[in-house]
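A short write-up of the structure that comes next.
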Amino acid sequence: MNSPHYDAVVVGSGFGGALVARALVDAGLKTALLERGQWARRDDVDWDQREILLKQRYRGASPLLVKQYGRRDFERVYLNEVVGGNSVFYGGAALRLRPGDFVRWPFSYADLAGYYAQAEQVLGVHGEVGGDPHEPPGIGAYPHGAVELSAPARRIYEAGTALGFKPFKIPLAINFSDGARPLCLRCITCDGFPCKVEAKNDMAATVLVEAQAAGLEIIVGAVVRRLVQRGGRVEGVEYADGASRQDHALSADLVVLAAGALGSPALLQRSGFDHPLIGRFLMRHCNGVASYVFPYRTNPAQVFHKQVCFSDFYEDLRAELGTAVGVIQDIYTPSSPIIRHYTPWGLQTMAGLMAGCMQNLLCIAEDDPREENRLVLGDELDAFGMELVQVEHDYSEDDRRRRDYLLGKAGAVLRKAGGLLRYRHLIDSFSHAVGTLRCAAAPEEGVLDKDCRYWGADNLYVADGSFMPSSGGVNPSLTIAANALRVAERILEKR
């Protein structure tokens with residue numbers, strides 16, 4: 001098979017893969033990036049809640065087989081596949097981990113602080129220094145100032161302040177001010193949606209466009225089958241064209257794996273890598289949504305209001321449990337059909353009618369890294385003849401305690417804001433999945449070294465969320481981005 005040769009091949013185009021690929025291209029390396037998905041369409045359908053949230057317009061062809069909450073059987077779960085990865089669907093929150101979150105890591109917060117600052121610049125973060133009561137050190141200023149609060153956000157801000165909390169404006173990687181690019185329209189289709197106007201600073205709309213112009217070759221619809229290894233090195237990558245099923249191969253001096261905390265360990269397993277901790281210690285945060293029904297319409301103008309965050313409780317249980325608790329963020333209310341879909345049978349009609357009078361707070365709680373939370377390859381094959389991934393995951397009592405602690409605090413804020421009827425929704429998505437190829441100081445403790453190089457393969461690096469030894473209590477996106485910049489620098493130093 002003819003194998004074009006590259007200095008570097010990157011697998012995956014999310015925060016990690018995109019930022020490493022751009023750094024390698026900027027350094028003059030001939031680089032190819034392989035992505036299973038296609039470019040987001042950026043049309044009206046991308047803001048249709050039924051099409052995106054229920055029908056999953058961008059769902060991949062190969063399901064995960066997921067067993068969770070003590071259930072006996074696996075269920076099929078489909079993930080989105082698109083150029084830019086989860087950055088296309090995330091809501092823009094750009095929060096740093098705090099120094100205490102690095103106790104299990106082979107490097108410290110101080111080692112990552114400079115890369116956090118770089119990542120904030122690359123992502124064009126809008127924020128306000130000094131408001132976060134547990135703000136990590138070293139944030140001199142954000143690239144752009146925070147925008148004014150909308151009416152629904154101010155309702156939450158004022159209620160929290162009245163309770164003695166210290167709400168602050170979420171740092172957001174959304175373009176509110178750079179007139180050289182499309183500006184945010186202040187709509188409610190950020191979390192979970194591609195941005196139709198490309199105002200969200202996702203990797204596809206920003207970094208990958210720039211890298212492509214600089215010479216990055218992006219191969220879309222590329223379903224990577226395996227990494228080819230020999231003598232302690234990875235020699236190349238074999239993949240299938242997602243449409244034609246035709247097989248291809250690329251040879252490379254360097255391979256960077258960034259297919260996500262579920263995709264990357266599965267690819268290593270399919271490729272014959274045998275480190276015993278591959279796929280172990282899966283984390284995804286223990287999240288829930290506190291919702292209250294108000295005696296009026298909470299957002300009649302349908303304006304953007306994911307703007308307020310609470311970190312007051314971040315350290316409340318660390319002395320006892322050894323972890324952060326997490327944060328609370330304002331989020332939008334889905335439309336009536338989405339509310340009905342996720343409401344238990346018998347309450348669906350009532351919930352749909354009350355959707356316009358609801359306001360919600362998202363609680364992001366740290367979860368423990370547990371070896372039994374894992375993924376392995378199953379016996380069933382997908383359309384490409386590859387083994388499906390089996391995921392087994394459950395939360396610990398401490399995980400649920402942290403989540404419920406935050407839900408209680410969020411409920412108090414919503415009641416103070418005027419909420420009357422309570423509802424709680426538990427989240428079981430893998431959008432925050434991390435940890436399955438943890439980095440460590442020694443090979444018996446993790447799959448990667450502190451520079452995120454695979455133990456035993458000197459030219460294989462990992463740049464996605466799977467490197468994280470713990471999840472912390474905030475969205476992992478900025479940490480993945482910062483670490484990708486760090487990994488890229490280490491790669492170039494070694495060359």
Side-chain angles (χ1 to χ4, degrees), residues 53-54 56 59-60 62-80 86 89 191-192 260-263 265-266 279-291 317 321-328 331 334 338-348 351 360-380 387-408 410-411 422-436 438 465-466 468 470-473 475-476:
L53 301 180
L54 297 185
Q56 284 190 272
R59 82 176 200 174
S62 303
L64 297 174
L65 303 178
V66 178
K67 185 190 294 183
Q68 56 190 340
Y69 308 129
R71 293 170 183 159
R72 298 180 57 184
D73 300 319
F74 288 95
E75 62 176 330
R76 280 170 141 70
V77 175
Y78 290 87
L79 303 181
N80 290 319
N86 278 340
F89 300 95
D191 267 314
L262 302 177
R280 300 280 181 168
F281 299 103
L282 170 64
M283 296 163 283
R284 56 177 179 173
H285 284 144
C286 190
N287 296 345
V289 176
S291 300
L317 300 177
L321 302 181
T323 63
V325 177
V327 296
I328 297 171
I331 57 169
I338 310 302
I339 293 285
R340 287 198 300 268
H341 178 83
Y342 288 105
T343 300
W345 188 87
L347 300 174
Q348 293 171 331
N360 317 287
L361 291 173
L362 170 65
C363 300
I364 300 176
E366 179 165 3
D367 54 339
D368 291 318
R370 302 167 66 212
E371 190 170 350
E372 59 267 38
N373 286 336
R374 61 173 188 157
L375 63 90
V376 298
L377 300 181
D379 296 327
E380 186 177 349
E387 302 92 339
L388 291 181
V389 176
Q390 291 185 172
V391 178
E392 297 186 46
H393 184 277
D394 208 348
Y395 290 116
S396 69
E397 289 186 12
D398 288 345
D399 295 341
R400 291 187 287 268
R401 181 179 170 191
R402 287 183 285 266
R403 178 197 64 204
D404 293 346
Y405 186 82
L406 289 176
L407 284 169
R422 185 188 75 172
Y423 176 73
R424 290 181 174 181
H425 174 66
L426 305 183
I427 296 175
D428 58 8
S429 81
F430 290 93
S431 59
H432 288 192
V434 296
T436 50
R438 52 170 26 196
S466 61
M468 293 175 63
S470 61
S471 66
N475 180 304

At their closest point, which heavy atom of Leu282 faces which heavy atom of Ala433, and how far apart are they?
CD1-CB, 4.2 Å
What are the two closest non-hydrogen atoms of Ile427 and Tyr395, and how far apart are they?
O-OH, 4.2 Å
Check: Arg370/Ser396 side-chain N/O donor and acceptor closer than 3.5 Å:
no
Which residues pass the side chain to side chain donor-acceptor pair (under 3.5 Å) test with Glu387, not counting sequence neighbours?
none
Is it the case that Arg284 places NZ or CZ above or below the six-membered ring of Phe430, under 6.0 angstrom from the centre and within 45 degrees of the axis?
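Yes.
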Run the numbers on Gln68 and Glu75 for side chain to side chain donor-acceptor pair (under 3.5 Å), then give the verdict.
CA-CA 9 Å; Gln68 56 190 340; Glu75 62 176 330; 3.1 Å; yes
Measuring from Asn287:CG to Ser431:OG, what's the distance to the nearest 0.5 Å?
7.0 Å
With side chains defined as the heavy atoms from C-beta onward, is the minimum distance between Val66 and Phe74 less than 4.5 Å?
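No, too far: nothing below the 4.5 Å cut-off.
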So, do Val389 and Leu262 sit near enough that their side-chain heavy atoms are less than 4.5 Å apart?
no
Has the side chain of [X] got a donor or acceptor atom that lies under 3.5 Å from a matching backbone atom of [Y]?
| X | Y | result |
| --- | --- | --- |
| Thr436 | Ala261 | yes |
| Glu371 | Phe281 | no |
| Arg402 | Glu366 | yes |

Step by step, would you call Leu388 with Arg76 a side-chain contact (heavy atoms from CB on, under 4.5 Å)?
CA-CA 10 Å; Leu388 291 181; Arg76 280 170 141 70; 4.1 Å; yes
